[in-house]
Amino acid sequence: MKTEILKAVPESLDKAAWYLKNGEIVAIPTETVYGLAGNGLSASSVKKIFEAKGRPADNPLILHIADIGSLYEYAENVPELALKLAEKFWAGSLTMIMKKKDTVPLETSGGLDTVAFRMPNNIWTLQLIKKCGFPLAAPSANLSGLPSPTCAEHVFRDMNEKIPLIIDGGQCKCGLESTVITFIDNGVKILRPGAVTPEMLSEFCEVTVDKSVTEGLSDKCKAASPGMKYKHYSPKAEVYLIECDSKDKFVDFVNENSDDNTYILSDFTEKIKAHILPYGETPNKEATELFSSLRKADDMGAKKIYVKAPSKKGIGLAVYNRLIRAAAFKVIKL
Ligand code: AMP
Ligand code: MG
């Protein structure tokens with residue numbers, strides 16, 4: 001199958017809607033990362049998503065909707081708090097898990113009786129959902145395990161000849177996947193951190209952060225969010241997360257432990273004797289650039305990548321969560 005890349009304009013949305021209505025899957029831009037979309041109410045479309053990504057069937061998909069009212073078509077007992085949070089954070093990077101109605105096939109929810117919802121903040125994708133008239137199930141449009149795609153070119157590399165169409169909406173503004181929350185007694189629990197931070201949510205309710213966000217799960221432990229149990233976001237190179245309290249310590253460590261194939265992601269360059277991939281000076285820029293820098297390191301033939309661990313405050317928690325998985329939990333404490 002030839003994979004076409006079309007700029008996001010009304011005519012290409014018509015083409016995407018045609019494919020989607022005919023049970024095909026296409027890649028779509030969102031503000032978080034590019035999604036691999038199919039009709040979320042069609043078991044056969046959803047199966048194509050799992051196949052193209054090589055995604056384990058028990059890792060549920062997020063349903064992308066274009067208006068808050070759609071929740072009532074696909075979720076039972078929509079919590080009051082969900083509506084409050086939707087009004088504040090949608091369209092945006094907040095995904096909320098609720099009990100699913102039978103209108104949603106078990107293939108979409110990975111066999112669970114709950115399903116995740118998000119309204120993406122991208123005008124093209126919102127228009128596309130409206131044109132289709134059904135919610136789009138859309139995980140990140142990468143091969144399972146690789147860094148998520150933040151531009152159409154990344155999607156093409158992973159999905160060429162597997163899907164008919166990529167809608168090119170430019171660079172993703174956020175660059176990390178959405179915050180995933182579930183509702184508990186008196187508030188919410190964060191299963192995956194994203195641009196909607198614990199600090200932002202705590203203005204509305206009590207917020208707890210699931211242990212799996214910053215730690216590996218033991219084999220016996222059941223994952224609240226099935227996606228969190230898989231190695232994830234990893235380039236081919238070995239990634240090491242370096243936890244230390246000063247830039248100097250990090251530089252000394254890198255200089256003593258680097259060879260020709262060692263790269264670091266860094267916003268500073270002084271005194272470093274390894275290859276440097278530029279990486280944001282601010283936590284938001286780190287989020288935007290993380291996945292593309294990891295992919296770039298692979299393109300340049302990196303064998304080893306060192307990254308200084310970010311602070312776990314604000315969006316830093318999301319960057320830390322992706323990095324520790326990219327590093328397969330290899331953390332070096334200095
Ligand atoms: P992705 O679409 O690749 O960004 O991944 C979606 C994330 O949401 C994965 O980590 C899933 O495990 C999580 N998720 C989706 N639906 C549910 C659900 N019903 N219960 C728990 N986690 C979910
Ligand atoms: Mg993903």
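Not measured: the values here are computed from a predicted model. Read the numbers this way: they start at 1 and go in the same order the structure lists the ligands and their atoms.
- Taking Glu256 as the reference, nothing meets the salt bridge (charged side-chain N to carboxylate O under 4.0 Å, His left out) condition, with sequence neighbours excluded.
- Qualifying ring pair (Phe, Tyr, Trp, His ring centres under 6.0 Å) partners for Phe250, counting only residues two or more places apart in sequence or in other chains: none.
- The main-chain N or O of Val213 is never found under 3.5 Å from a side-chain atom of Asp210 such that the two would form a donor-acceptor pair.
- Of the polar atoms of Ser109, none of the N or O atoms is found under 3.5 Å from an N or O of ligand 1, judged by distance alone.
- Heavy atoms of other residues, nucleotides or ligands lying less than 6.0 angstrom from NZ of Lys101 number more than 12.
- Around the Mg ion (ligand 2), the protein contributes the following N, O or S atoms at distances under 2.8 Å: Ser140 OG.
- For Lys312 and Tyr320, the positive end sits near the middle of the six-membered ring, less than 6.0 Å away and at most 45° from its axis.
- Of the heavy atoms in Arg55, only side-chain atoms (C-beta onward) come closer than 4.0 Å to ligand 1.
- Counting atoms of ligand 1 from 1 in the listed order, those under 4.0 Å from a heavy atom of Leu112 are 18 (C), 19 (N), 20 (N).
- For the pair Leu85/Ile181, a side-chain contact is recorded, criterion being any heavy-atom separation below 4.5 Å from C-beta on.
- With sequence neighbours excluded, no residue satisfies salt bridge (charged side-chain N to carboxylate O under 4.0 Å, His left out) with Glu107.
- The shortest N or O to N or O distance between Arg192 and ligand 1 is under 3.5 Å.
- Contacts with ligand 1 closer than 4.0 Å are made by side-chain heavy atoms of Ile62 only, the backbone lying farther away.
- Every atom of ligand 1 with a heavy atom of Asn59 under 4.0 Å away is listed here by number and element: 9 (C), 11 (C), 12 (O).
- Close contacts of ligand 1 with Thr114, meaning ligand atoms under 4.0 Å from a residue heavy atom, involve 18 (C), 19 (N), 20 (N).
- Around atom NZ of Lys47, no more than 12 heavy atoms belonging to other residues, nucleotides or ligands sit under 6.0 Å away.
- Taking 4.5 Å as the limit, every side-chain heavy atom of Leu277 sits out of range of all side-chain heavy atoms of Glu289.
- Short contacts between ligand 1 and Ser140, defined as distances under 4.0 Å to a heavy atom of the residue, involve ligand atoms 2 (O), 3 (O).
- If you run salt bridge (Lys or Arg N to Asp or Glu O under 4.0 Å) between Glu177 and each of Arg118, Arg322, Arg192, only Arg322 comes through.
- Interface atoms of ligand 1 facing Ala116, defined by a heavy-atom separation under 4.0 Å, are 15 (C), 16 (N).
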